[in-house]
Amino acid sequence: MADPTDPILPSNIDDFVTSMRSGGHLLNSRFSVEFTSMPPIVSNAVLRNFGGMREFASAFSKRTIQVSGPNLSIATSTQKITGVDYEHPYQRNFENDIALTIIADKQMALRNVFIDWISGIQAPFTGTWAFRDSYVTNLVIKYLDRSDKDIVGYRVREVFPKTITGIQSSADSDALTTFTITMSFKDFSVETPQSLALPPSGPPSPPSPPTNPIEPGGVPPLENLGDVDAFI
């Protein structure tokens with residue numbers, strides 16, 4: 001064990017190797033993402049495009065190829081004390097959005113889930129907004145080791161999609177089609193492998209169908225246009 005009074009000397013390659021062995025490292029490519037719950041608007045969007053929740057969760061986790069984690073900052077203001085300017089903190093900010101880049105499936109089912117999710121947040125015709133607890137959920141971003149064991153992660157609270165990028169197509173390219181979802185969030189917490197473990201549960205029961213179901217594409221039957229419930 002090193003003596004804490006020993007001076008810190010310039011690092012060399014041996015010190016670097018020792019540090020990597022003792023402290024380990026994270027690979028940029030080893031991560032997973034999952035939603036922790038399915039509020040009504042989200043579950044309805046999933047069931048319209050997938051056979052069940054498990055199929056959606058598997059496709060979402062496997063096809064998400066890039067994630068930008070949440071930012072945290074402290075807002076400051078300039079205070080003048082004894083004639084000298086000082087930065088004084090006054091607010092903690094959770095900035096920017098969570099960006100998820102996803103490989104599209106052949107039927108665009110994954111992308112359509114997020115389109116239906118946004119359509120459920122605001123009714124297409126009346127412009128009314130749904131209650132927040134019916135469309136926000138939590139997103140867990142896990143960072144894994146080479147054995148796919150959880151090392152550390154973030155639990156991002158109260159997320160919902162705010163932007164869905166368009167599909168870029170080109171006649172002279174055979175690249176995979178991808179799209180990006182940006183999600184707003186309230187805050188986040190750093191989690192350990194124990195706290196990241198989600199409680200086991202069986203397949204969720206399908207939600208009760210709405211009295212006036214929305215037709216594919218978000219357009220309700222004409223006979224229901226006078227009923228506000230048909231748009232939510």
Side-chain angles (χ1 to χ4, degrees), residues 20 24-39 41-72 94-122 124 135-185 188 191 196 198 214-219:
M20 292 291 285
H25 59 278
L26 283 175
L27 289 177
N28 199 28
S29 60
R30 305 200 66 82
F31 66 92
S32 69
V33 290
E34 58 186 306
F35 295 113
T36 63
S37 64
M38 289 288 162
I41 286 176
V42 184
S43 59
N44 285 334
V46 169
L47 292 177
R48 277 195 292 269
N49 295 281
F50 282 86
M53 302 298 178
R54 290 182 181 273
E55 290 84 351
F56 166 74
S58 176
F60 174 66
S61 181
K62 292 174 181 177
R63 289 176 175 266
T64 300
I65 59 174
Q66 186 172 345
V67 181
S68 66
N71 287 8
L72 176 63
F94 297 92
E95 296 180 325
N96 297 337
D97 300 314
I98 305 298
L100 306 166
T101 301
I102 302 172
I103 298 175
D105 56 280
K106 186 180 295 186
Q107 303 300 324
M108 290 289 185
L110 267 174
R111 189 169 188 269
N112 291 339
V113 166
F114 292 95
I115 291 175
D116 289 345
W117 190 343
I118 289 180
S119 296
I121 294 174
Q122 186 192 34
Y135 62 81
V136 298
T137 182
N138 297 332
L139 176 69
V140 169
I141 306 172
K142 300 178 182 179
Y143 298 95
L144 315 173
D145 63 15
R146 293 179 183 272
S147 301
D148 288 339
K149 293 182 180 179
D150 301 343
I151 301 174
V152 70
Y154 298 111
R155 188 179 300 271
V156 189
R157 289 185 281 264
E158 296 191 21
V159 302
F160 63 90
K162 58 183 293 187
T163 304
I164 304 173
T165 62
I167 298 297
Q168 302 296 322
S169 301
S170 175
D172 61 355
S173 172
D174 58 357
L176 293 172
T177 297
T178 63
F179 61 95
T180 298
I181 306 293
T182 57
M183 307 198 76
S184 177
F185 69 100
F188 70 90
E191 303 285 350
L196 280 170
L198 301 179
I214 296 178
E215 295 290 338
V219 180

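The shown structure was predicted, so the numbers you read here are calculated from the model rather than taken from an experiment. We use all heavy atoms of the structure for the numbers below, so side chains are in, but hydrogens, waters and symmetry mates are not.
- By the 4.5 Å heavy-atom criterion applied to side chains, R111 and D105 are not counted as neighbours.
- Formation of a donor-acceptor pair under 3.5 Å by the R30 side chain with backbone atoms of D145 is found in this model.
- From T137, atom OG1 reaches atom CD of E158 across 10.0 Å, with rounding to the nearest 0.5 Å.
- A 4.5 Å side-chain heavy-atom check between I167 and M108 finds at least one atom pair inside the cut-off.
- Remark: side-chain polar atoms of R63 are paired, donor with acceptor, to backbone N or O of A104 under 3.5 angstrom.
- Nearest heavy atom pair, residue D116 against residue A45, reads CB-CB, 3.6 Å.
- Annotation: side chain of L110 is in contact with side chain of F56 (closest heavy-atom distance under 4.5 Å).
- Residues F94 and V156 form no side-chain contact, since every pair of their non-hydrogen atoms from C-beta on lies 4.5 Å or further apart.
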When you look at V67 and F31, which way does the side chain to side chain contact (heavy atoms under 4.5 Å, CB included) test go after all the steps? CA-CA 9 Å; V67 181; F31 66 92; 3.5 Å; yes
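- Counting heavy atoms from C-beta on, the side chains of P70 and N96 never come closer than 4.5 Å.
- Atom CG of D148 has more than 12 heavy atoms from other residues, nucleotides or ligands within 6.0 Å.
- When side chains are defined from C-beta on, Y135 does not count as touching P39, because their heavy atoms never get closer than 4.5 Å.
- At most 12 heavy atoms of other shown residues, nucleotides or ligands fall within 6.0 angstrom of atom CD in Q168.
- Checked by atom type and distance alone, the side chain of D150 never pairs as donor or acceptor with a backbone atom of L144 at under 3.5 Å.
- A distance-only check finds no donor-acceptor pair linking the side chain of T163 to the backbone of T182 [under 3.5 Å].
- Atom-to-atom distance recorded for I115:CD1 and R48:CZ is 11.5 Å, nearest 0.5 angstrom.
- The closest donor-acceptor contact from the side chain of S68 to the backbone of A99 lies under 3.5 Å.
- Checking S32 against S61 by side-chain atom types alone, no donor-acceptor pair falls below 3.5 Å.
- Between F50 atom CZ and N112 atom CG the span is 9.0 Å, to the nearest 0.5 Å.
- When all heavy atoms of N71 and F188 are compared, the closest pair comes out as O-CE2, 4.0 Å.
- Looking only at side-chain heavy atoms (C-beta outward), M183 and W117 come within less than 4.5 Å of each other.
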